[in-house]
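Beneath this line is the structure, given in structure tokens, with notes to follow.
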Number of protein chains: 2
Amino acid sequence: MRNYSKQREDVLNAIKELKNHPTAEEIYGKVKENNSTASKGTVYRNLKNLVIDKKIIKISKMEGPDRYDLVNYPHYHAICASCGKVFDFVYDFDVENIRKSLKKQIGENIDINDFSLQILCDKCKNKLQKNKI
Amino acid sequence: MRNYSKQREDVLNAIKELKNHPTAEEIYGKVKENNSTASKGTVYRNLKNLVIDKKIIKISKMEGPDRYDLVNYPHYHAICASCGKVFDFVYDFDVENIRKSLKKQIGENIDINDFSLQILCDKCKNKLQKNKI
DNA sequence: ATAAAAATAGGAATTATTCCTATTTTAAGG
DNA sequence: CCTTAAAATAGGAATAATTCCTATTTTTAT
């Protein structure tokens, strides 16, 4: 594993400090607050690299910018399609079996980095019911 | 269930015609090609509504705009964090059990609309190995 | 020590998404 | 069938998010 550049560490540290799924913009802000030289391009590049390296994952919602979260303990995200609320949860997915199944279907021995669930939360379910959407 | 507006159907039809995970822009293009009056705002609004209604799902990658796919048969998506390649796959997730687990953890009886996997495909794994990233 | 490869700064350029207002359409009630 | 309120839309401006570009710096490999 190649050593992280100063800037990549700055990005990772910013996420650690921010907590609660910051956006790229918020991360860039924190990075600058910490007097890192990292430019916006560098932040985006390193967010991608950190995702590839499984240090962080990206959380995408139906609205607003993408968000990022540390991979510090094994948890996943369930994201409401309607209101965008993100629920952290733990679950023991049978990763090995899923990987085998994928191997069979696509012929590749991929690595599984993350699961995410798109859901409808109670509040939104009720509201949609009421509005008959 | 409220009837779909003409425009919402136009958006859904555009996705059906396009196949292969079109972007909002591509969908808007197709919608216009089909002489729908739908504006861009309408396309985005209805993409969200169609996701909430489980007619389509959104696919988010590490780069490029979000993409959409029909929920026509039960399949999920595994997305390479590095190259963005999307693999369709079928898997029998134990939805009921996952839902129960979520109920216990977050106290809500959410609906699960979709699963998605963030992965590293073989090609990218090898390239990263080679480059020691 | 040196050359090649990779990463960065700085910010411009582009692209994606949201938002706004006036208008039109739909739903509900009498 | 009217009437009114709520919801959805058109059109496009405004905003926000992301990518891209060039010159420079840093790292890696030899």
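Chain letters run A, B, ... following the sequence lines, proteins first and then strands; every chain starts at 1.
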Integer-rounded Å distance: [N] [atom2] and [X] [atom1]:
X	N	atom1	atom2	value
A/Lys61	C/dT17	NZ	P	15 Å
A/Lys48	D/dT18	NZ	P	13 Å
B/Leu47	D/dA8	CG	C1'	15 Å
B/Lys127	C/dA5	NZ	C1'	15 Å
B/Tyr44	C/dT15	OH	P	13 Å
B/Asn46	C/dT17	CG	P	15 Å

Among [options], which nucleotide sits nearest the side chain of [X]?
X	options	answer
A/Arg8	D/dA17, C/dA7, D/dT9	C/dA7
A/Gln7	D/dA8, C/dA9, C/dT17	C/dA9
B/Asp66	D/dA10, C/dT17, C/dA9	C/dT17

Q | Side-chain H-bond candidate by donor/acceptor type, B/Asn34 with B/Glu17, under 3.5 Å | A |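 The answer is yes; a qualifying pair exists.
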
Q: Taking B/Gln118 for its side chain and A/Asp114 for its backbone only, find out whether a donor-acceptor pair lies under 3.5 Å.
A: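 Pair absent, no side-chain N/O of B/Gln118 close to backbone of A/Asp114.
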
Q: Check whether more than 12 heavy atoms from other residues, nucleotides or ligands sit under 6.0 Å from atom CG of B/Asp92, and answer yes or no.
A: no

Q. Is the NZ atom of A/Lys123 crowded by more than 12 outside heavy atoms at less than 6.0 Å?
A.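 Not more than 12 within 6.0 Å, no.
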
Q: Classify the ring geometry between A/Phe115 and A/Tyr76 as parallel (under 30°), tilted (30 to 60°) or perpendicular (over 60°).
A: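 Plane angle over 60°, so perpendicular.
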
Q) Taking the six-membered ring for Trp, are A/His75 and A/Tyr73 parallel (under 30°), tilted (30 to 60°) or perpendicular (over 60°)? A) parallel

Q.
For B/Val43 and B/Pro65, find the nucleotide of DNA chain D closest to each by heavy atoms; which residue's nucleotide sits nearer the 5' end?
A. B/Val43

Q: Report the residue (B/Gly64 or B/Ser5) whose heavy-atom-nearest nucleotide on DNA chain D is the more 5′ of the two.
A: B/Ser5

(Q) If you take any heavy atom closer than 4.0 Å to DNA chain D, which residues from residues 12-40 of chain B end up in contact? (A) B/Thr37, B/Ala38, B/Ser39

